[in-house]
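Residue numbers start from 1 in every chain, and the chains themselves are labelled A, B, ... in the order their sequence lines are given, proteins ahead of strands.
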Amino acid sequence: MTYKDLADLIFPNAKNISYYEEKYPKRNLPEGAVVARVAPSPTGNVHIGTIYQGLIARKMADQTKGVFFVRIEDTDQKREVEDGISQIIQSLKNFDIIPDEGMTSADTEIGNYGPYKQSDRKKIYEAYAKYLIEQGKAYPCFCTPEEVEEIRKKQESAKIRPGYYGIWAKCRNITVEEAIEKIKNGEKYIIRFKSPGREDRKIKHHDIIKGNVDFPENDQDIVIIKADGLPTYHFAHAIDDHLMGTTIVTRGDEWLSSVPLHLQLFQELGFKAPKYAHTSTLLKNDDGNKRKISKRKDPEAAASYYVEEGIPSGAVKEYLLNIANSNFENWRRANPDKPINEFDFQINKMSVSGALFDMVKLLDISKIVISKMSAEEVYEKSLTWAKKYDKELEEMLSDKDYSLKVLGIERGNKKPRKDIAKWSDVKENIIYMYDDKFLNKDQEYQYQVINNKEEIEKILKLYLEKYYNENDDKDTWFNNIKELAGELGFAKEVKEFKQNPGKYSAHVGDVSTVLRIALTARINTPDMYEIMKVLGKESIAKRFEKALK
RNA sequence: GGCCCCUUGGUCAAGCGGUUAAGACAUCGCCCUUUCACGGCGGAGACAUGGGUUCGAUUCCCGUAGGGGUCACCA
């Protein structure tokens, strides 16, 4: 009886690995081309970290004329969520992260190195597991989960390093004959890797981001095929990234400590290991402590959060890129209008330590991103958002011509307004410009310096009768307000007012404020000249009338 | 607890043996201005700590403290 007999008994139908090695030949890519990927699990809300990883991987592939693919790691069926795959695809799409290969929907895919869903690759893993068993590098383990747990408890109470290794690996030295007999008797088993490692030896690893890291060798006989017949992450990672030709594995640094295991797996399988780039995790301040952004506790951990809030994907990408390469913001300042794919991303310049997620900064970036958009673009994007999340805003925007004018106020010039950080800000920003919203609602008018009824009435009436002409240019328009102020005994110039304390009760600015408040019921607004232009004379008159009621 | 990683202002961070220790966000003040936003100018604010090495350490080494990660038939 040989290892081969055992392997044949366990995986009677598995193909020889040469079949797969030939089926998935080396990629024909230019020198230096990076094959990168993102490999999420369909376990629910897509994590912002997945977007982060995807962004980085996509960028590297683009910059080197390489390949970026998406692989679905669905080997944990217990945690899998219905719709999980489409959520992932959709989320990546929301951020314009489009894969060259991989899943394109829950059940379709493109590319020659598939299947790109691990549960569809079962046969492939079996072939390689069989290969390992034939070599005596893997073995069936008959320990039940309870037994393994017991071993762990013993180790803990004896203060010994826990795990399935060395003398604790009970099934490691079972003879082929015994194993075959147990299997024939119907005993349940899983497949474990027979680690050749020794804990007292060190390995050196050079990580693209973390630099040189030394670890003890792995000596754990980890599970490679679970009771459900599917592989564990470690095994699938080695097989898949080998067969799919991944050159750089980017993943969160929670994987860093598995590197010794993974390197060993590649070694024993006879594969060339990829390079690794372990990115720092996005952290969050929690009562003074830093911790990983968590799907469960933090809404901002979900990629969908940004969509719901209406933060443009472009802004999120800029923020993420800024965390990834902090020189991004310098580049952005020097190149305010270039698309971000022209930014030269350097993975080895990524920070070694984790960054606290800064929502304030994100929103600041978002303000700038939105300020550069045309009225048309703002219109389209906020409408798309409103259709899903805000019926009232959608209704307001249904008058497209008018909305375009409203959104065009102080936009498109050298110093565009920066008061919208997210689409959910839009409504509050423009609602007073819509007559049906403004006129039909009770408004509170908080007059400032000039606040007695008669004066206000005089200002509004006189302004409409005598000083407002729809076709005035801005200078004429404002001169008229000065004239109005003068006629009513207020200072025509603010300077004059300040130079002659006591002479005037108010100045032209105060008169403007009355107009502004009567018009909008707000103390602060964008440029009033433009507002009046958009409202038009009829609306202005109605608003004054309402203010005087 | 073992192993691994990290530590520059409130936050993100330049720096890589000699710098007045950049910059961005936030914050404060001033200016611009009919309000706000923008913009401009300026202020306050940092090398966790103790030892080395060195003519000289934020930078190199060791310890301490603090933080993070990981130790599954989860990824």
Would you classify [X] as touching base, sugar-phosphate or nothing, given that sugar-phosphate means primed atoms plus P, OP1 and OP2, and contacts are heavy atoms under 4.0 Å?
{"X": "A:P145", "answer": "base"}
{"X": "A:L356", "answer": "sugar-phosphate"}
{"X": "A:W331", "answer": "nothing"}
{"X": "A:A227", "answer": "base"}
{"X": "A:T43", "answer": "nothing"}
{"X": "A:D527", "answer": "base"}
{"X": "A:F215", "answer": "sugar-phosphate"}
{"X": "A:T525", "answer": "base"}
{"X": "A:S512", "answer": "base"}
{"X": "A:F478", "answer": "base"}
{"X": "A:E73", "answer": "sugar-phosphate"}

Worksheet entry | Verdict with supporting geometry, A:R152 and A:E150, salt bridge (Lys or Arg N to Asp or Glu O under 4.0 Å) | CA-CA 5 Å; A:R152 204 182 57 87; A:E150 215 164 282; over 6 Å; no

Looking at [Y] and [X], is there a salt bridge between them, counting it only when a charged N and a carboxylate O are closer than 4.0 Å?
{"X": "A:D527", "Y": "A:R417", "value": "no"}
{"X": "A:K466", "Y": "A:E487", "value": "yes"}
{"X": "A:R71", "Y": "A:E73", "value": "yes"}
{"X": "A:E217", "Y": "A:R198", "value": "no"}

Worksheet item: Along RNA chain B, 5' to 3', what are the outermost nucleotides having an atom less than 4.0 Å from a heavy atom of chain A?
Response: B:C3 to B:A75

Discussion item. As a check on the pairing definition, encode RNA chain B in dot-bracket form, counting Watson-Crick and G-U wobble pairs whose two distances are under 3.5 Å, and using | for partners outside this strand.
Written reply: ((((((((.[[[..)..(....]]].(((((.......)))))....[[[[[..)....]]]]])))))))....

Could you work out the separation of [N] and [M] based on their [atom1] atoms and round it to a whole Å?
{"N": "B:C47", "M": "B:C16", "atom1": "C1'", "value": "14 Å"}
{"N": "B:U70", "M": "B:C61", "atom1": "P", "value": "26 Å"}
{"N": "B:A21", "M": "B:G17", "atom1": "C1'", "value": "14 Å"}
{"N": "B:U58", "M": "B:U8", "atom1": "P", "value": "15 Å"}
{"N": "B:A14", "M": "B:C25", "atom1": "C1'", "value": "15 Å"}
{"N": "B:U7", "M": "B:C62", "atom1": "P", "value": "14 Å"}
{"N": "B:C71", "M": "B:G9", "atom1": "C1'", "value": "36 Å"}
{"N": "B:C55", "M": "B:A48", "atom1": "C1'", "value": "27 Å"}

Worksheet item: Taking all non-hydrogen atoms of both residues, which atom of A:P312 and which atom of A:A421 are closest, and how far apart?
Response: CD-O, 4.1 Å

Worksheet item: Starting at the 5' end of RNA chain B and moving along, which residue's nearest nucleotide shows up first, A:K361 or A:S326?
Response: A:S326

Worksheet item: Of A:C141 and A:S353, whose closest RNA chain B nucleotide lies nearer the 5' terminus?
Response: A:S353

Fill in: Stepwise salt bridge (Lys or Arg N to Asp or Glu O under 4.0 Å) check, A:R411 with A:E530
CA-CA 11 Å; A:R411 184 174 292 283; A:E530 290 198 44; over 6 Å; no

Worksheet item: Aromatic ring centroids of A:W477 and A:Y468 under 6.0 Å?
Response: no

Worksheet entry | Check: A:H278 ring centre within less than 6.0 Å of A:Y276 ring centre | yes

Item to complete: Test the A:K130-A:F11 pair against the cation-pi criterion, namely NZ or CZ under 6.0 angstrom from the six-membered ring centroid and within 45° of the ring axis.
Response: no

